[in-house]
Amino acid sequence: MKIVETIADMKRIRQQIVEPVGFVPTMGYLHEGHLSLVRWARLENPSVVVSIFVNPTQFGPQEDIDRYPCDPQRDLALLEKEGTDIVFMPPVAEMYPQQFSSWVEVGEVTDRLEGASRPGHFRGVSTVVAKLFNIVQPTRAYFGQKDAQQVIVIKKMVADLDMNLEVIILPTVREPDGLAMSSRNTYLNPEERQAALVLYQALTLAQQLWSQGEKDTEKLRREMLTLIQEQPLASIDYVSIANAETLDELDVVNLPALVSLAVIIGKTRLIDNVVLG
Ligand code: AMP
């Protein structure tokens, strides 16, 4: 496994590896969710590149990027075990030199949900992912459904800007009790970890009511809100039932519908989602 830290080296090595190339962008502190993407990439491509880069431009001024968990030695050991060929882990100054001033902005779909709560977040995401695609030039790039809106934004960027790669989406990997795996789960103390289950419980409730015939999104949302409000450590950012492609909010469940939510548990903001239909 090669560890590459500069863009020039990454581009040079890219010329020497066997096509097709599978690529998994991450911010590190890897868990089974990330590793499921790496395994799929490994199955489908003779060459696998994983990036580890905690992208400062997708964090708001109020969000503590310095607190983001980080353990490169552990990450590298996990990636080696999965048969990764190349790990690209550039320093921030390599990706954003002082004179950096170009940004990728994807339209409307970035205004709402995560985009509304975290202004500038998707501009940072689409810019760094565009840069990584240009540097790594993957044949296929793998993303998790856990970040449902991110998936929509990346797909839109790739389509609108005619990027030459396939975007592959894989299901959310969960803990045995249902909590979606996330690097941020490490912030939770035992009591908060228990409380965090409320996200999955609310999504499961919506799924259950919908499969019993409830199609009125206001009723579904109300049931979800009531359940979450019963958890004293939880405070709700948003609960949304939207068209799974446009993210327009729905009055009546039309398929496929994305049920997504952001909830703050203690001080930790968690997101999760399910697709109906
Ligand atoms: P991150 O390191 O949080 O930027 O995530 C890197 C990639 O892993 C993104 O495509 C995420 O959607 C994906 N990912 C994160 N958590 C999970 C999970 N629990 N299941 C599946 N994919 C995930």
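Bear in mind that the values here come from a model prediction, so they are computed numbers and not experimental data. Note that ligands are numbered from 1 as they come in the structure, with each ligand's atoms numbered from 1 the same way. Excluded from the calculations below are hydrogen atoms, water molecules and symmetry mates; all remaining heavy atoms, backbone and side chain alike, are included.
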Check: E94 and A8: which non-hydrogen atoms are nearest, and at how many Å?
Finding: OE2-N, 4.3 Å
Next item on the list: Supply the members, apart from I65, of the Ile/Leu/Val/Met/Phe/Trp/Tyr cluster built from side-chain contacts under 4.5 Å; use none for a lone residue.
Entry: M27, V54, F59, Y68, Y187
Could you list the donor-acceptor pairs under 3.5 angstrom formed by side chains in residues 221-230, with sequence neighbours left out?
residue	atom	partner	partner atom	Å
R221	NH1	V239	O	2.3
T226	OG1	R222	O	2.8

Mind listing the N or O contacts between ligand 1 and protein, cut-off under 3.5 Å?
residue	atom	partner	partner atom	Å
ligand 1	2 (O)	M27	N	2.9
ligand 1	2 (O)	H34	NE2	2.8
ligand 1	5 (O)	H34	NE2	3.4
ligand 1	10 (O)	G144	N	3.0
ligand 1	12 (O)	G144	N	3.3
ligand 1	12 (O)	G144	O	3.1
ligand 1	12 (O)	D147	OD2	2.6
ligand 1	16 (N)	M181	O	3.4
ligand 1	19 (N)	V173	O	2.9
ligand 1	19 (N)	M181	O	2.9
ligand 1	20 (N)	V173	N	2.8

Notebook entry, point to check: What are the two closest non-hydrogen atoms of T84 and I86, and how far apart are they?
Noted result: CG2-O, 3.5 Å
Check: Sequence neighbours excluded, which residues qualify as side chain to side chain contact (heavy atoms under 4.5 Å, CB included) partners of D177?
Finding: E175, L179, R193, L197
Checklist line | Which atom of A234 lies closest to which atom of V198, heavy atoms considered | finding: CB-CG1, 4.3 Å
